[in-house]
Amino acid sequence: MHRRNFFQLAAAGAAAAFQDNAIERVRAAASATGGRTPEDVARDEDYWSEIRGAFSIDRNIINFNNGHVSPAPRTVQDILRRELDFTDMGPWHTMMNVLERQIENVRVRLAAYAGCDPEEMAITRNASESLENAQYGIDLKPGDEVLTTNQDYPRMLTTFRQRERREGIVLKTISFPVPPPSMDDLYQRFERAVTPKTKLILVCHITNRTGQIFPIKRICQMARSRNIPVIVDGAHAVSHFPFKLSDLDCDFYGTSLHKWTYAPIGTGFLYVRKSRIASTWPLMAADKRQDDDIRKFEEIGTHPAANHNAISEALVFNENIGIDRKAERLRYLRDRWANRLSQNPKCKILHSLDPAQSCGIGFLAFNGAEALKIHDALWNKYQILTAYVPHEEYTGLRVTPNVYTTVKEVDRFADMVEKELRN
Ligand SMILES: Cc1ncc(COP(=O)(O)O)c(C=O)c1O
């Protein structure tokens with residue numbers, strides 16, 4: 001580490017120690033990086049140890065399943081707790097009169113963060129709720145085809161399968177190799193599978209399995225030229241790697257904010273292109289007057305306002321790190337174990353090595369070893385948590401470290417995988 005950076009960090013650390021305020025520490029650490037490149041900062045363990053300090057995680061386990069759900073930093077937990085305490089001082093008044101109104105400010109913050117108009121941004125409880133609003137909300141006739149992949153999220157596939165049983169629509173799934181030869185190959189697979197009966201496309205921005213990123217804009221533009229709406233499953237994309245919704249040209253975009261955005265568990269958003277709002281039915285009924293109001297997708301009955309209000313604090317936390325730095329760090333951690341294990345003849349790396357096609361999600365498969373046994377051994381013997389991901393075409397471990405992960409933890413994971421493979 002450069003001497004100057006060390007002293008800047010030390011000074012920043014000393015200043016922040018007085019405040020014991022995680023957000024100040026993260027901000028101070030960011031200013032101490034003094035204009036260095038994201039690639040440089042990605043390797044700076046002093047910087048990332050400040051970020052680690054902002055989380056109240058259990059230091060005795062190595063959690064490499066942040067893809068499922070991520071812990072929120074202390075600042076987010078504090079706001080959540082404070083608002084829940086305030087709520088119970090008189091829920092009708094405190095929640096309905098005071099806290100719930102703040103959803104409009106959250107909407108404006110979140111829309112600016114994600115890159116859309118606030119009137120296209122509905123705040124939901126998770127990606128499932130967001131995506132099912134779109135999946136059920138679009139009128140389809142018997143025989144109409146919906147196109148997606150066989151690696152899309154099981155609940156989203158189940159949603160269309162229920163519409164098959166109930167309404168006679170037809171779900172068509174395409175398969176693709178992992179890793180695929182190129183983004184162009186993924187695009188061509190979609191284009192080839194479109195027929196005159198295709199009335200809707202569902203595609204992951206980044207899959208939850210091998211973390212494959214799709215050429216969303218190209219797929220959306222191809223679909224638009226045929227008047228086919230596209231629902232993008234962005235459960236793992238927001239706050240994971242840099243992009244703006246306005247760059248994608250999609251019709252619907254659903255995400256969870258309790259994954260890579262570190263908002264409270266039970267937060268998400270649904271983007272709906274303005275011209276699609278009126279023709280899309282909400283999951284829970286809304287009044288006709290709300291037909292072209294994005295808020296109709298938020299008609300879910302009584303729910304805590306604290307959760308969605310604390311989203312703003314999570315956005316501040318992410319902004320203080322910076323999405324370019326975050327994406328570089330996640331790639332750096334992934335490459336550290338993957339480059340090493342790729343040398344082991346018993347290991348197969350199934351995520352793409354092209355930075356445009358992948359980021360923090362890594363996927364480890366095995367030659368001649370059972371992935372489930374390795375998964376269980378890692379957890380039971382060493383408290384290293386990964387996600388066991390079976391699929392009809394391949395099986396392995398999804399590995400998702402986080403911004404609070406240390407390189408020592410990554411190295412221990414690689415050491416223990418090698419040890420188990422020797423056994
Ligand atoms: C690709 C994908 N879509 C949708 C979801 C559903 O997210 P949630 O359970 O937060 O609603 C997930 C969850 O992991 C996911 O990985």
Side-chain angles (χ1 to χ4, degrees), residues 63-72 76 110 114 122-137 146 148-162 171 173-176 178 186 200-214 216 219 230-241 243 248 250 252-271 283-284 297-298 300 303 307-308 310-311 314 330 350-352 357-363 385-391 396-402:
N63 182 358
F64 285 180
N65 191 4
N66 291 278
H68 191 130
V69 65
S70 176
V76 175
L110 196 51
I123 296 169
T124 64
R125 289 170 294 187
N126 49 48
S128 303
E129 182 174 287
S130 305
L131 295 166
E132 293 208 22
N133 261 295
Q135 290 183 278
Y136 278 125
V146 175
T148 188
T149 80
N150 66 0
Q151 293 189 44
D152 269 65
Y153 194 65
R155 181 172 299 110
M156 283 42 259
L157 297 178
T158 301
T159 303
F160 283 132
R161 291 205 177 104
Q162 184 165 300
L171 180 62
T173 58
I174 53 181
S175 75
F176 60 93
V178 286
L186 293 173
L200 183 57
I201 290 176
L202 167 72
V203 57
C204 275
H205 195 174
I206 173 170
T207 65
N208 70 301
R209 297 172 183 278
T210 64
Q212 177 62 44
I213 296 176
F214 272 71
I216 297 299
I219 293 171
V230 179
I231 303 172
V232 179
D233 180 342
H236 281 272
V238 175
S239 310
H240 182 168
F241 51 87
F243 73 95
L248 301 180
C250 63
F252 303 88
Y253 193 101
T255 194
S256 292
L257 296 171
H258 44 234
K259 293 184 186 285
W260 300 95
T261 304
Y262 317 142
I265 295 168
T267 50
F269 77 66
L270 168 65
Y271 157 86
L283 260 188
M284 288 203 199
F297 301 107
E298 296 170 359
I300 53 167
H303 59 276
N307 293 39
H308 55 60
I311 292 171
L330 293 172
L350 297 189
H351 58 258
S352 171
Q357 296 188 53
S358 64
C359 191
I361 299 178
F363 199 93
L385 191 61
T386 58
Y388 170 66
V389 179
H391 186 265
L397 305 185
R398 184 187 66 188
V399 183
T400 47
N402 209 331

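In listed order, ligands and their atoms are each counted from 1. Computed from a predicted structure; not experimentally measured.
Thr261 and Ser239 share a side-chain donor-acceptor pair at under 3.5 Å. At a cut-off of 3.5 Å, with distance as the only test, a side-chain donor of Asn402 or Ser70 sits close to an acceptor on the other residue.
The closest protein non-hydrogen atom to atom 11 (O) of ligand 1 is Ser128 OG, 2.5 Å. The protein heavy-atom contact nearest to atom 15 (C) of ligand 1 is Tyr153 CD1, 3.3 Å. Annotation: atom 3 (N) of ligand 1 to nearest protein heavy atom, Asp233 OD2, 2.6 Å. Summary of contacts: the protein heavy atom closest to atom 13 (C) of ligand 1 is Lys259 NZ, 3.0 Å. Nearest protein heavy-atom contact of atom 7 (O) of ligand 1 is Ser256 OG, 3.5 Å.
Distance check: Tyr253 OH to Ile231 CD1 gives 13.5 Å after rounding to the nearest 0.5 Å.
Looking only at side-chain heavy atoms (C-beta outward), His205 and Thr255 stay at 4.5 Å or farther from each other.
Residue Arg155 places a heavy atom less than 4.0 Å from ligand 1. The closest approach between His258 and ligand 1 falls below 4.0 Å for a heavy atom of the residue.
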Original post:
Passes ring-ring contact (aromatic ring centres under 6.0 Å, His included), Phe252 versus Phe297? Steps please.
Top reply: CA-CA 12 Å; Phe252 303 88; Phe297 301 107; 7.8 Å; no
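With Thr386 as the partner, the side chain to side chain contact (heavy atoms under 4.5 Å, CB included) test is satisfied by one option alone out of Asn63, Asn65, Leu397: Leu397.
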